[in-house]
Amino acid sequence: MKYLMINGKREEIPPFPHHKAYVYQCKQFFFAKSMTTHFTMSNFVTLKELYRGFKNKSSIPRDLMIDPTSDCNLKCKGCWSQDYKSGHNISYEKFDNILDQAEELGIMECLMTGGEPLLRKDDILKLCKKHNKMTFGAFTNATLIDEEFANEMAEVGNLNVFISIEGTKEETDFRRGAGVYDKAIKAMDILKLRGIAFAFSACYHSKNYKTVASDEFLDHMRAKGAWFGWLFQYIPVGSDADLSLVCTAQQRAYVQEKIRDYCIKHDYVVIDFWNNGHLSFGCIGAGVGFAHINAKGDVEPCAFCHYSDSNIYEVSLAEALRSKFFTAFRDAQPFSQNPLRPCPLIDNPQAIIDVVNAGDARSTHLANPESAENLAQKSYERAKEWEVISDELFKKMPEYNQKNFPMFLKYFSFKKGITDGRRKKI
C-alpha cells in the first residue's frame with residue numbers, strides 16, 4: 001500500500017484509478033528527482049508510454065483533456081468561455097467513443113475543462129462508472145457541487161474535481177460574481193467531509209498574484225482539505241482579451257519563487273503550470289504529455305492553444321495525434337533551452353506563429369478567433385522581460401540546471417526519435 005503525507009496526515013493511497021492515486025501520481029511526476037524515479041513511477045507508466053508511442057508512431061499523451069460543453073453558468077472576467085457561442089456539446093455517445101479510443105491507445109487519465117463541465121455531471125458520472133479503469137478530473141467553479149453529487153463521487157471513486165478560486169472572497173467574486181467564493185468554500189467542506197481528494201485551481205493575474213502565492217491563502221486551501229493545487233497564469237487568448245490582467249515578468253517571478261519555497265517547506269504539490277517547465281520537460285502539449293479536445297471536437301495542443309488542423313468527428317484520435325500540426329508542434333519542442341520559458345504562447349511567441357503556419361492550423365477560438373500573429377503580438381514585450389529574469393532564476397536551480405534538465409532533454413530527444421522519428425522513416 002502506498003502512502004502520502006497530506007496536510008500533516010499520513011494518507012493511505014488506494015490503487016489507480018482512485019482519485020487519491022491521481023494525486024499520488026502528480027507528486028511523483030512533478031517531484032521526480034532523477035530519470036530513474038521518472039521511469040519507475042506508477043508501475044513504469046513512462047516506459048509504457050514509450051512503447052505505445054513506438055507502436056503507434058506518435059507521442060501518446062498521459063492526459064486527454066476534453067470540454068464536454070462550451071456553456072458555463074458563470075461569466076468570469078477575462079475568461080474566453082464567456083464569449084463562446086452556446087450550445088456546443090460533445091454528446092454522451094461521442095464522449096464514450098473518444099474514451100474507448102483513448103483506452104485503446106493506453107491513455108488512462110481524462111481531465112475535463114470547458115465551459116463548466118459539471119453542467120454535464122450526470123453524463124460524467126455515467127462515464128466514470130463505465131470507464132472504471134480510467135481516472136477523471138474536472139476543472140469546475142464548484143457551484144454545482146452538492147451533497148448528492150459528492151456522495152456519487154465517493155461511490156464511483158475515480159473522479160477528482162479542481163475547484164476554481166481566485167484568492168480572497170473579494171478577489172474571487174471580482175472575477176466570478178457575487179457569492180461564488182462562498183459556494184466554492186462550501187463545496188470544499190462537502191468534499192472534505194467525504195474524504196475526497198480534490199484540488200484548488202487558481203488563475204493568478206496582475207491584481208491577485210500576491211494573494212494566490214501567499215502562505216495565508218495556501219494554508220487556508222490545505223486547511224479546507226485541498227490535497228494539491230493548480231496555478232494558471234492569465235493568458236490573453238482571444239481578440240478581446242483584457243491585457244491589464246496579464247502579469248508582468250516581475251510578478252510571475254514572485255509567484256514562481258514563493259510557490260517553490262512553499263512546496264518544499266510543506267511537502268505540498270502545487271502545479272504552477274507555466275513555471276513548472278523545469279519539472280516537466282518544458283512544454284508537454286500536442287500529445288507529449290496531454291492533448292485537448294474542445295466542445296466542437298477540434299483537437300488542440302492544450303486547452304490554451306486554440307489552433308487545430310483536425311477534428312475528432314472527422315478523424316480518429318490516433319490520426320489527430322499524428323496530424324501535420326501536432327507533428328510540427330512536437331518537432332519544435334522544446335521551445336527553449338531554459339525550462340522556465342516553456343510556452344510558445346507567452347514565452348516564445350514567434351514559435352506559435354511558426355508552428356501554426358508549418359502545420360496549416362486554423363484558429364478554433366469560437367467567438368473571437370485570432371491569427372497566431374495577433375496572439376503573439378500581445379506577448380513579445382513580456383516574453384523579452386521574462387527571458388532576462390528567468391535566465392537568472394534558472395541559474396539558482398543547480399539541481400536542474402547542471403544535472404536533471406540536461407538529462408531530461410536527452411530523454412525528450414530520444415522519445416521523439418522513437419515515436420515521430422519512426423513514423424517519418426516509415
Is it true that [X] and [Y] have a side-chain N and a carboxylate O under 4.0 angstrom from each other?
X	Y	value
K192	D189	no
K395	E392	yes
D267	K27	yes

Between [Y] and [X], do the side chains contain a donor N or O and an acceptor N or O under 3.5 Å apart?
X	Y	answer
E155	N151	no
E166	Y181	no
D219	Y262	yes
S58	N56	no
H88	D71	no

Do the non-hydrogen side-chain atoms of [X] and [Y] ever get within less than 4.5 Å of each other?
X	Y	value
F16	M108	yes
S310	F325	no
Q233	C203	no
T135	H18	no
Q251	V246	no
P61	I107	yes
S201	F232	yes
L245	D242	yes

Assert yes or no for the condition that the ring centre distance of [X] to [Y] is strictly below 6.0 Å.
X	Y	answer
F335	F329	yes
F200	F217	yes
Y24	F228	no
Y411	H38	yes
W227	F162	no

Verdict with reasoning, S336 to N338, per side-chain hydrogen bond (donor to acceptor under 3.5 Å, both in side chains): CA-CA 5 Å; S336 171; N338 180 343; 5.6 Å; no
Candidate pair K207 and E171, rule salt bridge (Lys or Arg N to Asp or Glu O under 4.0 Å), full reasoning: CA-CA 8 Å; K207 301 183 185 302; E171 289 165 331; over 6 Å; no
Residue pair D272, Q256: steps toward the side-chain hydrogen bond (donor to acceptor under 3.5 Å, both in side chains) verdict: CA-CA 7 Å; D272 185 359; Q256 197 276 336; over 6 Å; no
[X] [atom1]: over 12 foreign heavy atoms closer than 6.0 Å:
X	atom1	answer
K94	NZ	yes
E103	CD	yes
N43	CG	no
Q250	CD	yes

To the nearest 0.5 Å, tell me how far [X] [atom1] sits from [Y] [atom2].
X	Y	atom1	atom2	answer
I165	N141	CD1	CG	11.5 Å
W274	L345	CH2	CG	7.5 Å
D63	C302	CG	SG	12.5 Å
N7	Y268	CG	OH	6.0 Å
E12	K9	CD	NZ	11.0 Å

Set of residues satisfying side chain to side chain donor-acceptor pair (under 3.5 Å) with respect to D347, sequence neighbours excluded: R252
Within the side chain of [X], is there an N or O that forms a donor-acceptor pair under 3.5 Å with the backbone of [Y]?
X	Y	result
S42	V45	no
D67	S70	no
N158	C128	yes

Result of checking E49, E109, Q25 against R62 for side chain to side chain donor-acceptor pair (under 3.5 Å): E49
Option among H292, R362, H306 that satisfies the side chain to side chain donor-acceptor pair (under 3.5 Å) test with D298: R362
F273 and W230 aromatic ring geometry - parallel, tilted or perpendicular at 30°/60° bounds: tilted
Parallel, tilted or perpendicular: rings of H205 and F174 (30°, 60°): tilted
Step-by-step side-chain hydrogen bond (donor to acceptor under 3.5 Å, both in side chains) determination, E116 to N73: CA-CA 7 Å; E116 171 49 54; N73 59 334; over 6 Å; no
side-chain hydrogen bond (donor to acceptor under 3.5 Å, both in side chains) assessment of S363 paired with E370: CA-CA 6 Å; S363 174; E370 62 183 344; over 6 Å; no
